[in-house]
**Q** 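Sending over a structure as structure tokens; questions will come in a sec.
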Amino acid sequence: MEFKCENNRVTFIREGEIGEISAVHEGCIRFRATASSTLPDENWTMEPKKMPAGTWTDGKSVWLSTGNLKVRMDDNGKLTFFDGEREILREQPEQTFGYSFRNYRSIGSNLWKARVTFEPKEDEEFFGLGHERMNVYSKKGCTVDLHHLNTKASVPFVYSSLGYGFLWNLPSTGTVELGMNRTRWKSDCTKGIDFVVMLGKPAEVSSKLSDLTGHAPKMPEWGMGFWQCRLRYETQDEVLRVARKYKELGIPVSAIIVDYFHWTEQGDYKFDPKYWPDPKAMADELHSMGIKLIVSMWPTINEHSENYRYMLEHNMLLRTASGCNRVFEFYGPQAEIDPTNPETRKYVFSKLKENYIDNGVDGLWFDEAEPEIHPEHFDNLIMYAGRGDEVALIYPYYYAKLAYDGLKEMGREDIITLTRAAYTGAQRFGALVWSGDVLSTFESLEEQVKSGLNMAMCGIPWWNTDIGGFYGGNIETDYFKELIVRWFQYGLFSPVMRLHGSRDGHDRTRDIKEPTGGDNELWSFGEENFAILSKIVKLRYRLIPYISKYMDIASAKGYPVMRPMFFNYPEDKECYKTGDQYMFGDDILFAPIVKKGQTNRKVYLPDGEWILTKDGKEYAGGTYVDVHAEISEFIAFVKKGAEVLEVFKD
């Protein structure tokens, strides 16, 4: 094995592998390697910084350091990372006698199945990997597939309770094993291995991650208010009737969303004039009431669309290695656009601008953003950016970029794109990620709390859920009436508060594609609930100055607004166990109720003095407390002395 220390980096060559170790930010070390003859020069969505680094050898090993982070590479290829003198991460050999570090298997044309394996540590917990429908807080002990699905957005980053972050800088499909016997990252198809280790406490690592992958823009004030949506508003008149009723009732609404099949055909990107005769007039009236208009777009397209032939002939659609290009079945076989192609992004946005933005639409909802394909054979996809299994995770990144670049070119600054999936760096394009079509159950609500906290550690601060869950909700049942209140309480302390769902009650006897489901407005869930929910929405608006403060911090520093407890209290080991409560900014601790019929729960209070918002009672921290909350009450504590406490006083 041969090392070279030059230009603040280490390069190496050994049997079957070449590579480079470098500093990409203070306290951040990047490792790149390949079994090919040349090292790929691809940063994907990362923007590495040029940083000075210490390099030296001590006989059979070579070292690189930046800040307090050091890595040693032994002459057998083994990597060990240190925080000063404390070991935090060490590679595990796959064979006896300390042999076989990193594994490559050729799949042709300088592409490899590749993996790297690390020693497990008993006292280590992991958080991150995006969101997924699983009732898990720490991902230690989990095996997680790296691919996007409805309700699953794979962001290949974890934060370790040992005080470091790990970014797998590859957009390929693969698997992460965070087991008791090993930690292993696997790529299904890549030109090489690429990862970054970031040293620091949670806030420090979040800041470094954002510096490397992009900062979220400043969220406009309207984005922090209440968003009204349902599946679906069928007509322009229906949207305006709902907006007018909210106005008459004195309930503020910041945005109304027009869901799918308002269009003439999948891939047409325009309102059907039969049901939406004057979108500009609709938008103007909504704007006069202070309401923004958001519309849904899908990436699906077929031969009946007026845009299909042009996009097909200009290679703007996903292609397949075998079979036809129809990758999704919904009202017939559908192809899907390829936003990794810059020409696709320009062309599609030109249509969105012409038919939506120029008619007063304020924002876009990019549904099916994974993209959703069936079966999930990503290796059969061919994208502008590469083979599907090599680049599949990057699809929603470029999907969000499509809207952001187009709107920025128009001079817009208040850009929010609601999207069902995301990848590392999508936050820089104003991506507001939601957790997909989750079930309307208490079990699902419980999962969402943990999912949101894991996404919060991935550098993507704008996140939300469908309040009430998406499907399976019957608004006439006592079960759902209780659920919608508890979910609204959770929505109150979410980065964005958005009501949505496909409520039971679709009338499929009419000649219309995707008819509307049951009602889904505040007044739809009974008089008692209406009073409770109205109060919650009005409280949300009183919280906007507080939320805005922490949204600005998220933009500047990369800190999430909704945070795991350990983010603010990294030295408190109990905070790595409390996945059913969280900090909302620095001063609010929220403990959602996620069980049917529950009115009592335990809450862990870190060191300090805390005030329960519902009655003003003071509690000393450093212990668990029992708190009671009727259906009309939620459990939130505020740090003693914090100004935001005044907001909760009626």
Side-chain angles (χ1 to χ4, degrees), residues 34 36 40 42-45 104-115 129-130 132 144-156 168-176 185-194 267 298-302 308 311-312 314-330 333-345 348 366-402 419-426 436:
T34 183
S36 300
E42 177 62 77
N43 291 320
W44 301 114
T45 64
Y104 303 87
R105 181 178 178 181
S106 175
I107 52 177
S109 303
N110 286 322
L111 292 171
W112 308 86
K113 289 183 181 291
R115 64 178 181 256
L129 295 177
E132 184 168 355
V144 178
D145 294 327
L146 294 176
H147 58 242
H148 302 309
L149 299 171
N150 188 352
T151 73
K152 175 181 172 65
S154 291
V155 183
W168 184 243
N169 191 40
L170 295 172
S172 56
T173 59
T175 308
V176 188
W185 294 78
K186 297 193 295 185
S187 168
D188 292 335
C189 178
T190 182
K191 294 181 177 70
I193 289 172
D194 187 347
W298 279 27
T300 50
I301 189 170
N302 61 68
Y308 177 78
M311 296 187 74
L312 177 69
H314 289 79
N315 294 322
M316 294 180 178
L317 306 179
L318 293 179
R319 293 178 289 160
T320 53
S322 61
C324 71
N325 71 344
R326 304 310 168 92
V327 294
F328 184 60
E329 177 77 26
F330 201 72
Q334 305 294 325
E336 302 202 24
I337 68 169
D338 180 5
T340 71
N341 183 341
E343 294 305 313
T344 305
R345 298 196 296 272
V348 172
F366 282 1
D367 208 340
E368 303 279 318
E370 297 80 20
E372 184 167 357
I373 62 172
H374 298 293
E376 293 80 24
H377 294 167
F378 294 98
D379 59 341
N380 193 43
L381 298 183
I382 299 173
M383 301 184 189
Y384 176 89
R387 272 180 49 155
D389 50 352
E390 183 190 6
V391 301
L393 296 187
I394 212 167
Y395 187 99
Y397 172 90
Y398 283 109
Y399 201 11
K401 181 176 171 61
L402 185 162
T419 176
R420 203 173 74 179
Y423 179 69
T424 310

**Q** Less than 4.5 Å apart, side chain to side chain, heavy atoms only: is that true for Asn315 and Glu343?
**A** no
**Q** Measuring from atom CG of Leu381 to atom CG of Asp338, what distance do you get when rounded to the nearest 0.5 angstrom?
**A**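 CG of Asp338 is found 9.5 Å from CG of Leu381.
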**Q** Which heavy atom of Ala335 sits nearest a heavy atom of Leu317, and at what distance?
**A** CB-CD1, 4.3 Å
**Q** Of all the heavy-atom pairs spanning Leu402 and Pro339, show the shortest one and how long it is.
**A**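 It is CD1-CB, 4.5 Å.
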**Q** When you compare the side chain of Pro299 with that of Phe328, does any pair of heavy atoms fall below 4.5 Å?
**A**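 No, every pair of side-chain atoms sits at 4.5 Å or beyond.
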**Q** At what distance, to the nearest 0.5 angstrom, does CG of Asn325 lie from CG of Leu318?
**A**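 Spacing of CG (Asn325) from CG (Leu318) equals 8.5 Å.
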**Q** Give the intermediate values and the outcome of ring pair (Phe, Tyr, Trp, His ring centres under 6.0 Å) for residues Tyr397 and Trp44.
**A** CA-CA 10 Å; Tyr397 172 90; Trp44 301 114; over 10 Å; no
**Q** Name the one of His147, Glu376, Lys186 that satisfies side-chain contact (heavy atoms from CB on, under 4.5 Å) with Thr173?
**A** His147
**Q** Quick one: closest heavy-atom pair of Pro371 and Phe378, and the distance?
**A** O-CE2, 4.4 Å
**Q** Just how far is it from atom OG1 of Thr175 to atom CG of Asp145, taken to the nearest 0.5 Å?
**A** 5.0 Å
**Q** Which residues pass the salt bridge (Lys or Arg N to Asp or Glu O under 4.0 Å) test with Asp188, not counting sequence neighbours?
**A**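 Applying salt bridge (Lys or Arg N to Asp or Glu O under 4.0 Å) to Asp188 gives none.
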**Q** With distance as the sole test, does His148 use its side chain to make a donor-acceptor pair with the main-chain N or O of Ser154 at under 3.5 Å?
**A** yes
**Q** Looking at Ala369 and Tyr395, what are the two nearest heavy atoms and their distance?
**A** O-CD2, 3.5 Å
**Q** Which heavy atom of Val391 sits nearest to which heavy atom of Met383, and what is that distance?
**A** CG2-SD, 3.9 Å
**Q** With distance as the sole test, does Thr300 use its side chain to make a donor-acceptor pair with the main-chain N or O of Gln334 at under 3.5 Å?
**A** no
**Q** Could you go through the side chain to side chain contact (heavy atoms under 4.5 Å, CB included) check for His374 and Glu329 one step at a time?
**A** CA-CA 8 Å; His374 298 293; Glu329 177 77 26; over 6 Å; no
**Q** Looking only at side chains, do Ser322 and Asn380 share a donor and an acceptor under 3.5 Å apart?
**A** yes
**Q** Considering residues at least two apart in sequence or located in another chain, which fulfil the salt bridge (Lys or Arg N to Asp or Glu O under 4.0 Å) criterion with Glu370?
**A**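 Partners of Glu370 under the salt bridge (Lys or Arg N to Asp or Glu O under 4.0 Å) test: Arg420.
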**Q** Looking at residues at least two apart in the chain, or sitting in another chain, which of them share a side-chain contact (heavy atoms from CB on, under 4.5 Å) with Ala114?
**A** Tyr104, Thr190, Ile193
**Q** Could you please spell out the steps behind the side chain to side chain contact (heavy atoms under 4.5 Å, CB included) verdict for Glu368 and Phe330?
**A** CA-CA 12 Å; Glu368 303 279 318; Phe330 201 72; over 6 Å; no
**Q** Just verifying a value: how many Å separate Tyr384 OH and Thr344 OG1, rounded to the nearest 0.5 Å?
**A** 9.0 Å
**Q** Return the CG to OH distance between Asn341 and Tyr398, rounded to the nearest 0.5 Å.
**A**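 So the gap between those two atoms works out to 11.0 Å.
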**Q** How long is the gap from OG1 on Thr424 to CG on Leu170, to the nearest 0.5 Å?
**A**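 Atom-to-atom, Thr424:OG1 and Leu170:CG are 10.5 Å apart.
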**Q** Can you tell me which residue pairs pass the salt bridge (charged side-chain N to carboxylate O under 4.0 Å, His left out) test with a partner in residues 381-400, sequence neighbours excluded?
**A** Lys191-Glu390, Arg387-Asp389
**Q** My understanding is that only residues two or more places apart in sequence, or in another chain, count here; which of them pass salt bridge (Lys or Arg N to Asp or Glu O under 4.0 Å) with Arg115?
**A** Glu94
**Q** Using the side chain to side chain contact (heavy atoms under 4.5 Å, CB included) rule, take Cys189 and Ile107 through it: C-alpha gap first, then chi angles, then the decisive distance, then the call.
**A** CA-CA 8 Å; Cys189 178; Ile107 52 177; 3.7 Å; yes
**Q** Looking only at heavy atoms, what is the nearest atom pair of Pro333 and Asn302, with distance?
**A**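 That would be O-CB, 3.8 Å.
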**Q** Got a sec, which residues hit salt bridge (Lys or Arg N to Asp or Glu O under 4.0 Å) with Lys113, two or more places apart in sequence or on another chain?
**A** none
**Q** Is it the case that the side chains of Ser36 and Trp112 hold a donor-acceptor pair, with the cut-off being a distance below 3.5 Å and no angle test?
**A**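 There is such a pair (donor and acceptor under 3.5 Å, judged by atom type) between the side chains of Trp112 and Ser36.
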